Peer 1: 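First the structure, then my questions, so here it is.
For ligands, and for the atoms within them, numbers begin at 1 and follow the listed sequence. The structure presented is a predicted model; accordingly, all values stated were derived computationally and were not measured.
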Amino acid sequence: MIDLRSDTVTRPSEGMRRAMYEAEVGDDVFGEDPTVRRLQDRIAALLGKETALFVPSGVMSNQIALKVHTRPGDEVIVERQSHLFNYESGAPGLLSGVQMNVLDGERGTLTGAQVAAAVRPGYYWEARSRLVWLENTINKAGGTIYPLERIEEVARVARAHHLALHLDGARLWNASAATGISEQAYAAPFDTVSVCLSKGLGAPIGSVLAGPADLMQEAHRYRKLFGGGMRQVGILAAAGLYALDHHRPALAEDHARARRLAEGIATLPAFRIDLDTVETNIVMFDVVDGEAAPVLEALKAEGILMVPFGPATIRATTHRDVTHADIDRALAILTRLFGATS
Ligand SMILES: *Cc1c(COP(=O)(O)O)cnc(C)c1O
């Protein structure tokens with residue numbers, strides 16, 4: 001199988017398993033797991049934030065952030081393609097009682113002017129604008145990078161209106177690997193930042209939320225309240241530390257494989273792809289005359305897995321468990337199945 005469904009399908013590498021086996025542990029609900037503390041300190045420093053908190057998933061990390069920034073009845077400004085709006089099971093309504101002001105941006109990005117226009121003036125019959133929510137890289141837009149100037153433009157507007165700012169940086173590592181701009185520079189305009197260890201970094205589980213100490217104290221409380229208090233999870237934090245040291249430097253190779261796949265797909269008339277959107281490890285393309293489902297079925301029969309991202313849209317994601325040879329094989333099969341011009 002060449003599994004291109006997501007960068008979450010990776011298996012822990014041998015070195016990672018060894019690091020997990022050897023991890024020093026303690027009860028993290030008592031704050032006594034030294035490996036968890038090391039991971040949290042490491043990521044806080046990487047992101048230039050005061051404190052960080054290890055949590056089981058990216059969704060929990062995002063939802064804790066949402067909870068600490070808002071009160072029920074508040075409004076969150078968010079782009080339509082965001083993970084928060086599309087893939088978090090309606091949690092913002094259930095857990096934080098907030099409503100979302102969903103804006104249509106360009107490839108998942110908002111301009112400062114758009115955000116400024118969406119901020120409510122504060123009449124008592126309106127929801128209270130409280131938080132601006134950005135994502136980097138933007139999954140649904142094709143793993144695209146939020147340009148730093150754009151982020152700073154939005155941040156200036158948010159500050160001017162006294163709004164909080166959160167970054168869903170599940171794949172922030174990929175943005176940094178692609179641009180050379182540090183995670184810290186990308187994180188600087190935000191109050192809180194969430195990063196995932198279980199995507200391209202290849203850890204089996206784990207995300208980290210980082211931010212200022214006062215907010216993170218509240219975050220710690222909500223992690224427990226949401227059922228995310230964990231015990232001897234140095235075993236899992238060790239995987240995260242290993243991933244930062246040994247897997248992170250290889251992310252650019254995922255990007256090269258995605259590029260190669262995208263350029264191959266671009267030569268096939270059955271598909272339409274905007275190569276400009278292929279900036280990191282995600283390849284999003286459309287079926288020109290038909291639907292995604294039969295294409296995905298045909299590929300599956302040949303041992304290639306991708307996922308639908310709309311009726312005629314397909315997503316393929318590269319990761320550390322697909323090789324250059326796998327990509328070549330996938331392209332050969334795509335060409336055999338869909339390369340003939342009718
Ligand atoms: C994967 C992802 C998350 C969190 O997902 P989990 O499966 O809960 O870890 C959040 N935001 C984005 C952009 C993601 O891609």
Peer 1: In ligand 1, which numbered atoms sit nearer than 4.0 Å to a non-hydrogen atom of Glu135?
Peer 2: 13 (C)
Peer 1: Check ligand 1 against Arg171 and write out every atom of the ligand that is under 4.0 Å from a heavy-atom position of the residue.
Peer 2: 15 (O)
Peer 1: Between Val59 and ligand 1, find which residue part has any heavy-atom pair under 4.0 Å and reply side chain, backbone, both or neither.
Peer 2: both
Peer 1: For the residue pair Tyr87 / Ser82, report whether a side-chain donor-acceptor contact shorter than 3.5 Å exists.
Peer 2: no
Peer 1: Considering all protein heavy atoms, does one lie under 4.0 Å from atom 8 (O) of ligand 1?
Peer 2: yes
Peer 1: Does Asp191 pair with Lys49 as a salt bridge, N-O distance under 4.0 Å?
Peer 2: no
Peer 1: Pairs of donor and acceptor atoms involving the side chains of residues 240-249, under 3.5 Å and at least two apart or interchain, shall be tabulated with distances.
Peer 2:
from: Asp245; atom 1: OD1; to: Arg42; atom 2: NH1; distance (Å): 3.2
from: Asp245; atom 1: OD1; to: Arg42; atom 2: NH2; distance (Å): 2.9
from: His247; atom 1: ND1; to: Leu201; atom 2: O; distance (Å): 2.7
from: His247; atom 1: NE2; to: Ser13; atom 2: OG; distance (Å): 3.0
from: His247; atom 1: NE2; to: Arg320; atom 2: NH2; distance (Å): 3.4
from: Arg248; atom 1: NH1; to: Glu183; atom 2: OE1; distance (Å): 3.4
from: Arg248; atom 1: NH1; to: Glu183; atom 2: OE2; distance (Å): 2.9

Peer 1: At under 4.0 Å between heavy atoms, is it the side chain or the backbone of Met60 that contacts ligand 1, or both, or neither?
Peer 2: neither
Peer 1: Lys199 heavy atoms, cut-off 4.0 Å: which ligand 1 atoms fall inside?
Peer 2: 1 (C), 2 (C), 3 (C), 4 (C), 5 (O), 14 (C), 15 (O)
Peer 1: Given Ile314 and Val287, is the side chain to side chain contact (heavy atoms under 4.5 Å, CB included) satisfied, shown in steps?
Peer 2: CA-CA 8 Å; Ile314 293 173; Val287 181; 4.0 Å; yes
Peer 1: Which bit of Asn62 gets closer than 4.0 Å to ligand 1, counting heavy atoms only: side chain, backbone, both or neither?
Peer 2: side chain
Peer 1: Using a strict 4.0 Å threshold on nitrogen-to-oxygen distance, state whether Glu302 and Arg336 make a salt bridge.
Peer 2: yes
Peer 1: How far is atom 11 (N) of ligand 1 from the closest protein heavy atom, and which atom is that?
Peer 2: Asp168 OD2, 2.6 Å
Peer 1: Between Asp41 and Arg38, does any side-chain N to carboxylate O distance fall below 4.0 Å?
Peer 2: no
Peer 1: Provide, to 0.1 Å, the distance between atom 4 (C) of ligand 1 and the closest protein heavy atom, together with that atom's residue and name.
Peer 2: Gly58 CA, 3.4 Å
Peer 1: What residues, two or more places apart in sequence or in another chain, satisfy salt bridge (Lys or Arg N to Asp or Glu O under 4.0 Å) together with Glu152?
Peer 2: none
Peer 1: When only distance counts, is Cys196 in polar contact with ligand 1, meaning an N/O pair under 3.5 Å?
Peer 2: no
Peer 1: Quick check against the 3.5 Å criterion: does Glu263 have a side-chain atom that pairs as donor or acceptor with the backbone of Arg260?
Peer 2: no
Peer 1: Backbone or side chain, does any N or O of Ser207 fall under 3.5 Å from an N or O of ligand 1?
Peer 2: no
